[in-house]
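What follows is a set of notes on a single structure, which appears directly below.
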Number of protein chains: 2
Amino acid sequence: MAVARTKTKARASTADEGNRRAELIRAAGKLFVEKGFDATTIRDIADAVGMRSGSPFYHFKSKQDMLKSVMIEGLQAALTAQQAAIAGVRGAEARFRALIKSHLRIILEDHTEFPVLLYEWRALTDDSRAEVIAVKDRYEAVWQSVLKDLVKAGLLKDDGRVTRLLLFGAFNWTVQWYRPDGEFTIDDIAERAVDLYLCPQAEGRR
Amino acid sequence: MAVARTKTKARASTADEGNRRAELIRAAGKLFVEKGFDATTIRDIADAVGMRSGSPFYHFKSKQDMLKSVMIEGLQAALTAQQAAIAGVRGAEARFRALIKSHLRIILEDHTEFPVLLYEWRALTDDSRAEVIAVKDRYEAVWQSVLKDLVKAGLLKDDGRVTRLLLFGAFNWTVQWYRPDGEFTIDDIAERAVDLYLCPQAEGRR
DNA sequence: CCCTGTCAAGCAAGCAATTGCTTTGTTGTC
DNA sequence: GACAACAAAGCAATTGCTTGCTTGACAGGG
């Protein structure tokens, strides 16, 4: 009874094992993106993994807790993918291109956990939001350093806060219109973006 | 009874008079942006204008109908603002700048009806969505023509679909981070955007 | 080898609150 | 007295979440 509940909390903090827990996070992330956080019921999520409506609360202490867990899960997957993408890549433009492709893949391919972060920011309570921001900042720090290098190389005019936010906006907004079966591949979009943002000031370089 | 309901529908279609109706739309728009469509209850909206929870249904036949009305209202306001912004403005770059400023003002200033369109797209039923798209296309058509002129003038490399969507994304995403009391004005952002997107290929032009 | 206790994981059932919406009644106005 | 514009009250369904109970796997002792 009370014992089981206590152990649940302990389990929830350590992100080990818990096979069904990961299953729940994936299902919840998918539904949150499709229907929105508020429009998704616990019963929807439970159905998606073949559980009864009360059972998810064995793994998460509330629906809010599920949302937070989905976002953090997505952010951590994005972080490792990001680091793998730029590992060993030299040159500002090449790193820029690698970052874009990695970001778009995380957003647009089957990892539906990250888009939840973009869609359901408002649904977070203040406590959960602080936790999520901490991880998010680490992700954006990598972008900042690459943008700085681009400016140094003369490929970008400015890397101030507004420019960064405009850049992120263009990428994050792709969630709204990209379709896997559409006419553009992820690499198409990435190439167009590089073309759009990098100014060939130093001619003969590219 | 049934009479009142019928007249309501008639009234809802003609967007004339109906003072409290416009009041409801404004209040609903504000709440939809702040809390999301699903998280906003009819009682929230009614409270905001000093009504009881059942009364809004005299003006709108359902909550969905309110959402659709808010969006269309926002779109039409955006359309007239857009046309006023580029009226008499010559030159591709000047028109581009004017469009951006107009768009950002619509999105970021007190007209909260338009951002609902960006936030709550999913919450629309298919029927409502078709209605909204019709108005939306007219708004985007103006952008397309300006972008084409920019390419013709050599100020933009490409005006294909992906480029357009990347552009819109950057602007629409500002809703997520812009704060009226922040360090940047709307004009600041517009200028940064012009700088970011327009490539000074034909030197000595600007 | 069997018995028994333990415990993670989930089921069955339901509660209390909230939800969108309806229905009937009231009021001011022309 | 007719009608637009609400109020008052409530209904039926849905919601997040809780509580007590079952099950299956495994450990250890005899």
Side-chain angles (χ1 to χ4, degrees), chain A residues 1-25 27-28 31-32 35-70 120 123-125 128, chain B residues 1-25 27-28 31-32 35-70 120 123-125 128:
Chain A
M1 27 169 74
V3 180
R5 197 125 302 268
T6 306
K7 296 224 172 177
T8 297
K9 282 203 59 172
R11 220 150 197 293
S13 62
T14 72
D16 61 325
E17 302 300 325
N19 204 349
R20 301 304 297 278
R21 185 187 144 94
E23 220 177 308
L24 279 170
I25 288 189
L31 287 168
F32 288 166
K35 312 173 43 173
F37 176 71
D38 289 296
T40 301
T41 71
I42 295 290
R43 288 165 178 82
D44 290 336
I45 302 171
D47 276 3
V49 300
M51 281 184 183
R52 304 296 173 140
S53 67
S55 301
F57 292 99
Y58 176 79
H59 296 280
F60 304 91
K61 67 181 180 193
S62 70
K63 197 185 169 190
Q64 254 302 309
D65 187 37
M66 294 196 64
L67 178 62
K68 188 192 71 183
S69 301
V70 168
E120 301 297 338
L124 275 179
T125 62
S128 305
Chain B
M1 30 171 68
V3 180
R5 196 127 301 270
T6 308
K7 298 226 171 176
T8 297
K9 280 201 61 172
R11 225 153 193 291
S13 61
T14 72
D16 61 324
E17 302 299 322
N19 204 351
R20 302 302 297 278
R21 186 188 142 94
E23 220 176 309
L24 278 169
I25 288 189
L31 287 168
F32 288 166
K35 311 170 47 174
F37 176 73
D38 289 296
T40 302
T41 72
I42 295 289
R43 287 164 179 84
D44 291 335
I45 302 171
D47 277 3
V49 299
M51 280 184 182
R52 303 296 172 138
S53 68
S55 301
F57 291 98
Y58 175 78
H59 297 278
F60 303 90
K61 67 181 182 192
S62 69
K63 196 186 170 190
Q64 258 294 316
D65 186 36
M66 294 196 64
L67 178 62
K68 187 192 71 183
S69 302
V70 168
E120 301 298 337
L124 276 178
T125 61
S128 307

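Only heavy atoms go into these numbers, but all of them, side chains included; no hydrogens, no water, no symmetry mates. To find a chain, count down the sequence lines: A is the first, B the second, and so on, and within it residues start at 1.
Residue A:Ser62 is classed as a sugar-phosphate contact, given heavy-atom separations below 4.0 Å to backbone atoms only.
With rounding to whole Å, B:Lys61 atom NZ is found 11 Å from C:dC21 atom P. Separating the CG atom of B:Asn19 from the P atom of D:dA4 is a distance of 17 Å, rounded to the nearest angstrom. The distance between atom CE of B:Met51 and atom P of D:dA4, rounded to the nearest whole Å, is 15 Å. As a whole-Å value, the separation of B:Ile42 CD1 from C:dT22 C1' is 13 Å. Residue B:Asp47 contributes atom CG, which lies 15 Å from atom C1' of D:dC6 at whole-angstrom precision. Between the CG atom of B:Asp65 and the P atom of C:dG20 there is a distance of 14 Å, given to the nearest Å. Atom NZ of B:Lys63 is separated from atom P of C:dG20 by 4 Å (rounded to the nearest Å). The interatomic distance linking A:Asp38 (CG) with D:dG16 (P) rounds to 9 Å, in whole Å.
Side-chain contact between B:Phe60 and B:Leu67 is absent, with no heavy-atom pair separated by less than 4.5 Å. With a 4.5 Å cut-off on side-chain heavy atoms, A:Leu24 and A:Met51 count as touching.
Contact check, A:His59 against C:dG10: a side-chain N or O comes under 4.0 Å of OP1 or OP2.
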Let's go through A:Met66 and A:Phe37 carefully: what are the C-alpha distance in whole Å and the side-chain angles of both, what is the deciding distance for side chain to side chain contact (heavy atoms under 4.5 Å, CB included) to 0.1 Å, and is it a yes or a no?
CA-CA 10 Å; A:Met66 294 196 64; A:Phe37 176 71; 5.9 Å; no

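Looking at B:Asp44 and B:Thr41, their side chains do bring a donor and an acceptor atom within 3.5 Å of each other.
Minimum atom distance to the side chain of B:Thr41 is reached by C:dT19, of the listed C:dT19, D:dC6, C:dC21. The side chain of A:Arg52 lies closest to C:dC11, out of C:dC11, D:dC6, C:dC21. Among the nucleotides C:dG20, D:dA7, D:dG16, the one closest to any side-chain atom of B:Ser55 is D:dA7. Of the listed nucleotides (C:dG20, D:dA7, D:dG16), D:dG16 has the atom at the smallest distance from the side chain of A:Arg43. The side chain of A:Tyr58 has C:dA8 as its nearest neighbour among D:dC6, C:dC11, C:dA8.
Of the possible polar contacts, none joining the A:Ser128 side chain to the A:Lys68 backbone as a donor-acceptor pair under 3.5 Å is found.
Counting distance only, with no hydrogens placed and no angle test, the side-chain atoms of A:Arg20 and the base atoms of C:dG10 include no donor-acceptor pair under 3.5 Å.
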